[in-house]
S.K.: 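Here it is, the structure, as structure tokens.
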Amino acid sequence: MKHPLSNSFGKNRVTTEQREQLVRSVFKRVAPRYDLMNDLMSMGVHRLWKWRFCREVDKASGRDFVDLAGGTGDIASALQKSDRALLIIDPSEPMMQVARQRLGSHCHYIAGSAENIPLQDNSVDVLTISFGIRNVTDISASLQEITRVLKPGGHFYCLEFSTPQAWLRPFYDSWSRIVIPRLGALVAGHPDAYSYLIESIRQFPAQQEMQQLIENAGLQRVSYSNLSFGIACIHRAQKPPIE
Ligand SMILES: C[S@@+](CC[C@H](N)C(=O)[O-])C[C@H]1O[C@@H](n2cnc3c(N)ncnc32)[C@H](O)[C@@H]1O
């Protein structure tokens with residue numbers, strides 16, 4: 001069964017096809033200011049989360065790394081190593097254009113979506129997705145695709161917003177409802193795009209529910225670690241090795 005996010009855009013009910021188009025138009029519009037907005041909205045904290053995430057991913061062995069929903073290349077640039085083949089997959093050409101300017105030929109780029117990953121079965125050692133999975137139209141189908149392309153024993157890491165601890169929610173809600181759309185209007189010129197991003201965070205499955213969805217997709221050794229009291233969360237899992 002599809003998660004309710006599949007049929008919502010902000011506070012509106014939409015078809016999955018409409019959602020896909022609307023999400024694509026959000027990232028087309030915000031691409032030039034995306035990195036600056038991330039710094040402002042999170043007061044720079046997203047850099048710490050990404051640093052912690054990449055430090056963990058770095059421990060996984062393998063050569064073929066894929067950063068799904070790789071956007072402007074933050075994660076791929078932190079994971080660059082001479083003995084790794086890095087590939088960014090993202091449906092948004094304008095987002096990947098920023099990544100190309102940063103990373104050039106140190107990385108490969110393919111336009112594609114998480115629901116239909118343009119890679120062969122059992123071909124990826126390590127797959128990361130950072131602040132990407134809440135934008136897909138079908139979380140379960142995307143997780144099944146991730147399982148399909150991972151090699152047996154391959155590793156999956158997901159960094160995403162999650163559900164903060166109860167004491168923090170009033171501050172967090174005020175920040176996201178009042179401050180972020182205004183920043184989106186002032187800096188990026190697109191308050192509606194940032195209202196969508198906030199609403200998608202609010203509707204995204206909480207830690208335990210996401211863990212269950214990952215398990216349902218056939219991955220094992222599933223666990224998570226909260227960041228900043230659950231504002232964000234690292235989920236990790238492994239494809240079962242061949243016995
Ligand atoms: C919030 S940005 C995250 C970019 C980058 N991973 C980061 O951490 O800064 C979300 C990205 O998800 C991409 N995206 C949207 N829908 C997607 C889908 N169905 N499959 C894969 N990526 C998608 C967008 O184009 C965008 O680049």
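All figures in this text were calculated on a predicted structure; none of them were measured in a lab. First listed ligand is number 1; within each ligand, the first listed atom is number 1.
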S.K.: May I ask you to say whether Arg63 pairs ionically with Asp125, meaning some side-chain N is under 4.0 Å from a carboxylate O?
M.R.: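 Not counted as a salt bridge, because no side-chain N and carboxylate O are separated by less than 4.0 Å.
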
S.K.: Thr163 and Arg169: side-chain donor and acceptor closer than 3.5 Å?
M.R.: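 Judged by distance alone, the side chains do not pair up.
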
S.K.: Heavy-atom pairs closer than 4.0 Å: do any link ligand 1 to the side chain of Lys50, the backbone, both, or neither?
M.R.: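 For Lys50, only side-chain atoms sit under 4.0 Å from ligand 1.
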
S.K.: So which protein heavy atom does atom 12 (O) of ligand 1 come closest to, and at what separation?
M.R.: Ala69 CB, 3.4 Å

S.K.: For atom 13 (C) of ligand 1, find the nearest protein heavy atom and state the residue, atom name and distance (0.1 Å precision).
M.R.: Asp90 OD2, 3.4 Å

S.K.: Among all the protein's non-hydrogen atoms, which is closest to atom 15 (C) of ligand 1, and how far away is it?
M.R.: Asn135 CB, 3.7 Å

S.K.: Does any part of the side chain of Leu87, heavy atoms only, come nearer than 4.5 Å to the side chain of Leu119, both counted from C-beta?
M.R.: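 Side-chain contact under 4.5 Å: yes.
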
S.K.: Are Arg100 and Glu93 close enough for a salt bridge, meaning some N to O gap below 4.0 Å?
M.R.: yes

S.K.: Of Ala141, Pro91, Gly132, Pro94, which has the heavy atom at the shortest distance from atom 14 (N) of ligand 1?
M.R.: Pro91

S.K.: Is there a donor-acceptor pair under 3.5 Å between the side chain of Thr147 and the backbone N or O of Ala217?
M.R.: yes

S.K.: Between Thr137 and ligand 1, does any nitrogen or oxygen pair lie at a separation below 3.5 Å?
M.R.: no

S.K.: What is the closest protein heavy atom to atom 2 (S) of ligand 1, and at what distance does it sit?
M.R.: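 Here the nearest protein heavy atom works out to Tyr34 OH, 3.3 Å.
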
S.K.: Against heavy atoms of Met95, which atoms of ligand 1 measure under 4.0 Å?
M.R.: 27 (O)

S.K.: Using a 4.0 Å heavy-atom cut-off, which part of Arg24 comes near ligand 1: side chain, backbone, both, or neither?
M.R.: neither

S.K.: Which label fits Phe9 and Tyr196: parallel for a plane angle under 30°, tilted from 30 to 60°, or perpendicular past 60°?
M.R.: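 Because their plane-to-plane angle is under 30°, the rings of Phe9 and Tyr196 count as parallel.
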
S.K.: Could you verify whether a donor N or O on one side chain and an acceptor N or O on the other, from Glu20 and Thr137, lie under 3.5 Å apart?
M.R.: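 Per modelled atom types, Glu20 and Thr137 side chains form no pair under 3.5 Å.
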
S.K.: Of all the atoms in ligand 1, which lie at a distance below 4.0 Å from a heavy atom belonging to Ala114?
M.R.: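 Those of ligand 1 that fall under 4.0 Å from Ala114 are 18 (C), 20 (N), 21 (C).
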
S.K.: Is any NZ, NE, NH1 or NH2 atom of the basic residue among Asp74 and Arg102 found under 4.0 Å from an Asp or Glu carboxylate oxygen of the other?
M.R.: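 Yes, charged N to carboxylate O under 4.0 Å.
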
S.K.: Starting from atom 8 (O) of ligand 1, which protein heavy atom do you reach first, and at what distance in Å?
M.R.: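 Of every protein heavy atom, Ser130 OG, 2.6 Å lies nearest to atom 8 (O) of ligand 1.
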
S.K.: What I want to check is whether the side chains of Ser8 and Glu199 have a donor and an acceptor closer together than 3.5 Å.
M.R.: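 Ser8 vs Glu199: no donor-acceptor pair found between side chains.
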
S.K.: Under a 4.0 angstrom heavy-atom cut-off, which atoms of ligand 1 come close to Gly71?
M.R.: 4 (C), 27 (O)

S.K.: Just to confirm my output: which protein heavy-atom neighbour is closest to atom 19 (N) of ligand 1, and how far is it?
M.R.: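 For atom 19 (N) of ligand 1, the nearest protein heavy atom is Glu115 OE1, 3.0 Å.
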
